[in-house]
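Because the structure is a prediction, the values reported are computed rather than measured. The chains referred to below are lettered A, B, ... by the order of the sequence lines, with proteins before strands, and numbering in each begins at 1.
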2 protein chains.
Amino acid sequence: MQSPAPTRGDIRRAAILEAATEVFMELGYAGASIDRIVQLAGGSKGTVYRHFGCKADLFAEIITALVARMTAPIEHQRPDTADTTQELAATLTRFGQTYLDVLVQPQSLALYRMVMAEGVNFPDLARVFYARGPGQVVMQLADYLGALRGWDSLATPEAEVMAREFLSLVRSDLHLKALLGVEIPSAAQRALTVKRAVALFLAQYQPVPGATAAK
Amino acid sequence: MQSPAPTRGDIRRAAILEAATEVFMELGYAGASIDRIVQLAGGSKGTVYRHFGCKADLFAEIITALVARMTAPIEHQRPDTADTTQELAATLTRFGQTYLDVLVQPQSLALYRMVMAEGVNFPDLARVFYARGPGQVVMQLADYLGALRGWDSLATPEAEVMAREFLSLVRSDLHLKALLGVEIPSAAQRALTVKRAVALFLAQYQPVPGATAAK
DNA sequence: CTGATACCGTACCGTACAGTACCGATTCAA
DNA sequence: TTGAATCGGTACTGTACGGTACGGTATCAG
């Protein structure tokens, strides 16, 4: 499990990745220059190309790493399917809160902007981003909701649709405003938005057996 | 009301705007080149700079025009505040449908991508985009819902919050997927999403006087 | 210790781009 | 008709960038 002593190459590679991540996030793919990355990472231009081949490949590697980094805290907060129905509101709140908090972090916003701007030129990368990022979150929540649904009768669509609806409510337009740089929502705003999302969601979907279905 | 005969300058200006709009939408601000625009519009590079000063100003003018063009069909579908409560579901469906249809059009997607990518470099433009675009749509729907709410008792938050929640449900993740180029939703998918958004919204917010409030 | 390999620094190539300059042709107002 | 302003075409400047080449130096395996 221990790393087998990082070689000199590993060290250079890591330094370049770190510097490139910062530069890409600040300036985007088109705006970033290799020279700027080298200046920040130290070392030489040739080393960058020996390790990563070309600018596009370096970019791709950074994006995939960033997606994993972004999804990690949400995955860690993944609702346990053993959670009982009584805890549904709390579970949704916790999950939604983590999701929204991560989403409006500067790094997440920069990542979204990059992938959207360059998605046309890197279609494969955009697909990977969705599948391992937002799509992954949907599936996690859907798994939880699906297990809950088999638990008792619930006049609802597929769990995946429910998950999408809930996450859409959580995002609200806070994500859009943040992406545009119009307004970074405060913690209080985020908490309130999550709270309202949970309320609206539970008004429609009430898995507790004793409750009367809406119709 | 009649235009006072377009001069030669007006014609050139319009041609440049049209060409620049196409090039910017296809390649983004950074990717687009003035030479490419001139090549498409015909004429000369000097004419572009005489009319618009610099690339950034040309870009700004195009973005503001595009926002207006994008919002127009939604504004046209603006729900009349005279609509009765009985028509609420139909009104929401019609409004949401128009909103979502516009949102996933290629031109809208290109516009969103441009503003998000360059929002850091053009913060004023990003604010204008939000205020006259998505923000405007929220306000229109909020006006309608607000008028309805005064109409009868309704245990709800501000109309603006309700409008945001509804529009978030309509966008779902279809907008995100389309922005990333992962998947352009079909008309059937869009219609279904709107239908479900209306259902979920009405499960929580029922303005008809005879209905029992949720709590 | 020795050879091979990775690294640094820098100079360099080709290209692309924003913006300017200039000239001849065209348009348009007076 | 005449003078001014605009336009087209093109050549040009300066700059920035991706990527390569190369010589000298440090690192590391055998």
Next item on the list: For B:F52 and C:dA18, give me the distance from atom CZ to atom C1', rounded to whole Å.
Entry: 16 Å
Checklist line | Ring centres under 6.0 angstrom apart (A:F166, A:F95) | finding: no
Item checked: Gap between atoms CG and P, on B:L27 and C:dA18 respectively (whole Å) -> 11 Å
Check: Mind checking whether B:F129 and B:Y112 have ring centres under 6.0 Å apart?
Finding: yes
Check: Given the rule in the side-chain hydrogen bond (donor to acceptor under 3.5 Å, both in side chains) test, do A:Y130 and B:D173 qualify, once you have shown the distances and angles that lead to the verdict?
Finding: CA-CA 11 Å; A:Y130 183 81; B:D173 62 348; 2.9 Å; yes
Check: Reading nucleotides 21-30 of chain C 5' to 3', which nucleotides get B (base under 4.0 Å from a protein heavy atom), which S (sugar-phosphate only), which -?
Finding: -----BSS--
Check: Between atom CG in B:L58 and atom P in C:dA18, what is the gap in whole Å?
Finding: 11 Å
Margin query: Regarding B:R127 and A:E183, does a basic nitrogen lie under 4.0 Å from an acidic carboxylate oxygen?
Written below: no
Margin query: Between the opening five pairs and the closing five pairs of the helix from C:dC1-D:dG30 to C:dA30-D:dT1, how far apart are the helix axes, to 10°?
Written below: 20°
Check: If you measure from the Lys or Arg side-chain nitrogens to the Asp or Glu carboxylate oxygens, is any gap between B:R13 and B:E61 under 4.0 Å?
Finding: yes
Check: Whole Å only: how far is the NZ atom of B:K55 from the P atom of C:dT20?
Finding: 14 Å
Note to self: In this structure, how many angstroms lie between the C1' atom of C:dG19 and the CD1 atom of B:I37, rounded?
What the structure shows: 13 Å
Note to self: Contact between A:L109 and A:I184 at the side-chain level, heavy atoms closer than 4.5 Å - yes or no?
What the structure shows: yes
Notebook entry, point to check: More than 12 non-hydrogen atoms from neighbouring residues, nucleotides or ligands closer than 6.0 Å to CD on B:E18, yes or no?
Noted result: no
Note to self: Please tell me whether B:R171 and B:Y99 have a donor and an acceptor in their side chains that are separated by less than 3.5 angstrom.
What the structure shows: yes
Next item on the list: Please list, in 5' to 3' order, the outermost nucleotides of DNA chain D lying under 4.0 Å from any heavy atom of chain A.
Entry: D:dC17 to D:dT27
Note to self: Please classify the nucleic acid contact of A:A30 as base, sugar-phosphate, or nothing, using heavy-atom distances under 4.0 Å.
What the structure shows: nothing
Notebook entry, point to check: Ring centres of B:Y205 and B:F201 under 6.0 Å apart?
Noted result: yes
Item checked: Euclidean distance, atom CD1 of residue A:I16 to atom C1' of C:dC7 [Å, nearest integer] -> 10 Å
Checklist line | Aromatic plane relationship, A:F24 with A:F59 - under 30° parallel, 30 to 60° tilted, over 60° perpendicular | finding: perpendicular
Next item on the list: Using whole Å, report how far CZ of A:R50 lies from P of C:dG9.
Entry: 13 Å
Margin query: Could you go through A:D35 and A:Q39, starting from their C-alpha distance and side-chain angles, then the distance that decides it, and tell me whether this counts as side-chain hydrogen bond (donor to acceptor under 3.5 Å, both in side chains)?
Written below: CA-CA 6 Å; A:D35 287 305; A:Q39 178 187 339; over 6 Å; no
Check: Between atom NE2 in A:H51 and atom C1' in C:dC7, what is the gap in whole Å?
Finding: 9 Å
